[in-house]
Student: 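Structure in C-alpha cells, see below.
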Amino acid sequence: MGKKTMNDDNRYCWQHRHLLDVTQLSGQDVLRLIDLASSFQEINRRPVKKVPTLKGKTVVLFFAEDSTRTKTSFEVAGKRLGADTHTLGKSGSSLNKGESLKDTGLTLQAMGPDVVVLRHTSSGAARYLAARLSCAIVNGGDGWHAHPTQALLDCFSLHEAWGGEFAGRTLLILGDIAHSRVARSNVHLLSLLGVNIRLCAPRTLLPAGVHTWPVEVYAHLEQAVRGVDAVMCLRLQLERQQAGLLPNLDEYSKRFCLDSRRLALAAPKARVLHPGPINRGIEIANDVADAPESLILDQVAAGVATRMAVLYLLVMGSDGGSA
Ligand code: CP
C-alpha cells in the first residue's frame, strides 16, 4: 500500500464499536488511524498538548496485568483529548478478593464510562467484556492473543520511518514469537499493508501452525536479517513460557541477540523496533538499542498519538470517521 491517505476517499466511515483485534480492521481503517495519529502527533509536539475533543467523556483503564507503556500512554492520550481517566489495577482491586472479570466489568460499567481499556492475562478477555458491557472496549493486550494498539503504533512508526511506503518492504520479527501477542497482531496488520514478514526464533519459540502464517521462517539470524528494512526484537516472555523451552539464556543470546555486527547485514538505514520492555544483552544489544537506527522511544511517542486516534474514533464514532 503506497502513500494514499483517507483524504482520497471521502466516503470512508469508521464502523467499529470496539477495538478487540486487528483482524477486524480494513486497510482503510488503518490508513484513517495513521492519518489521525499524524494529526495528534503534531498536537503532542506543541507546548500545550491538550485539546477539548473528548471533554466530558470518561475512559477507564482496567489493567489486570502489569504494564508501563500501554497503561501510561492510554492515560496520557485520554487526558490530552480532555477526557477524564481512571485507572484500576489488579493489585488494590477487588479482583484480589475473588470478584470475577464479569462482575468487575459490570461494576465499572455502572459508573458510566465511554471506553474501558482492558489488559488481561487471558486470551479472549476483551471480547468477553465487549459481549457484556454497553460501552466501547479496547483490548490493551490479552494473553498470547492480540495487542491491536501496539501493532497500530508499530505501523504508525514504520509509516513515519519509511515515508508512508509499506508495499515491498521487509520486516524481520526476532525472538519469542510463540508467546507474543505483539507478533500475532503485527504479522496480520503489516502483511495487510503489503509488508513481507520474516520470523526468526528457536524452533521451541515458534507457534504451532506457523506454516499457515503469511511469513518466511528462518532458524539462523545471520540469514534472516540479510537485506531487511527493519527488525522488530521481542523479549522472552518468561512469565508465559513452560520450563525447558531453552537450554539457557547465554546460549539463546549468542544465537538470537541483535547486535551491531548482525544489524550491519540488513539494508542500509534499516530501523530497529522493540515493543518493550527490553532485556538488554538478551534479545537486543546496547549498541543497537541506543543506536540512531533505533525507533524504540519513537514507538513510545507514537503510542500516545495512536491511542488518541483510537479513543477519538471509538467515542466520536462515524462522525469521527468522516471528520
Ligand atoms: N509494549 C507493551 O505492551 O508494553 P507494556 O507492557 O509496558 O504496556
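In each ligand, atom 1 is the first atom listed, and ligand 1 is the first ligand listed.
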Student: Who gets closest to atom 6 (O) of ligand 1 by heavy atom: Arg235, Arg119, Arg69?
Tutor: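 Among Arg235, Arg119, Arg69, the closest heavy atom to atom 6 (O) of ligand 1 comes from Arg119.
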
Student: Output the list of atoms in ligand 1 that are nearer than 4.0 Å to some heavy atom of Thr68, sorted by atom number.
Tutor: 5 (P), 7 (O), 8 (O)

Student: Let me have the donor-acceptor pairs involving side chains of residues 48-57, under 3.5 Å, with sequence neighbours excluded, atom names and distances please.
Tutor:
{"residue": "Lys49", "atom": "NZ", "partner": "Arg46", "partner atom": "O", "Å": "3.3"}
{"residue": "Lys50", "atom": "NZ", "partner": "Lys79", "partner atom": "O", "Å": "3.4"}

Student: Got the closest protein heavy atom to atom 2 (C) of ligand 1, with its distance?
Tutor: Thr70 OG1, 3.6 Å

Student: Say whether, by atom type as modelled, one donor and one acceptor occur between the side chain of Arg235 and the main chain of Asn279 under 3.5 angstrom.
Tutor: no

Student: How would you list, by chain and number, every residue that makes a side chain to side chain donor-acceptor pair (under 3.5 Å) with Thr149, sequence neighbours excluded?
Tutor: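 So Thr149 forms a side chain to side chain donor-acceptor pair (under 3.5 Å) with Arg307.
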
Student: Do any heavy atoms of His147 fall under 4.0 Å from ligand 1?
Tutor: yes

Student: Counting from 1, what ligand 1 atoms have a heavy atom of Pro275 closer than 4.0 Å?
Tutor: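 Close to Pro275: 1 (N), 2 (C).
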
Student: Students often mix this up, so state it plainly: with edges at 30° and 60°, are the rings of Phe156 and His159 parallel, tilted or perpendicular?
Tutor: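 Geometry flag for His159 against Phe156: parallel rings.
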
Student: When you measure from the heavy atoms of Gly276 to every atom of ligand 1, does any distance fall below 4.0 Å?
Tutor: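 A heavy atom of Gly276 does come that close to ligand 1.
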
Student: Would you indicate whether the side-chain heavy atoms of Leu221 and Arg255 approach each other to under 4.5 Å?
Tutor: no

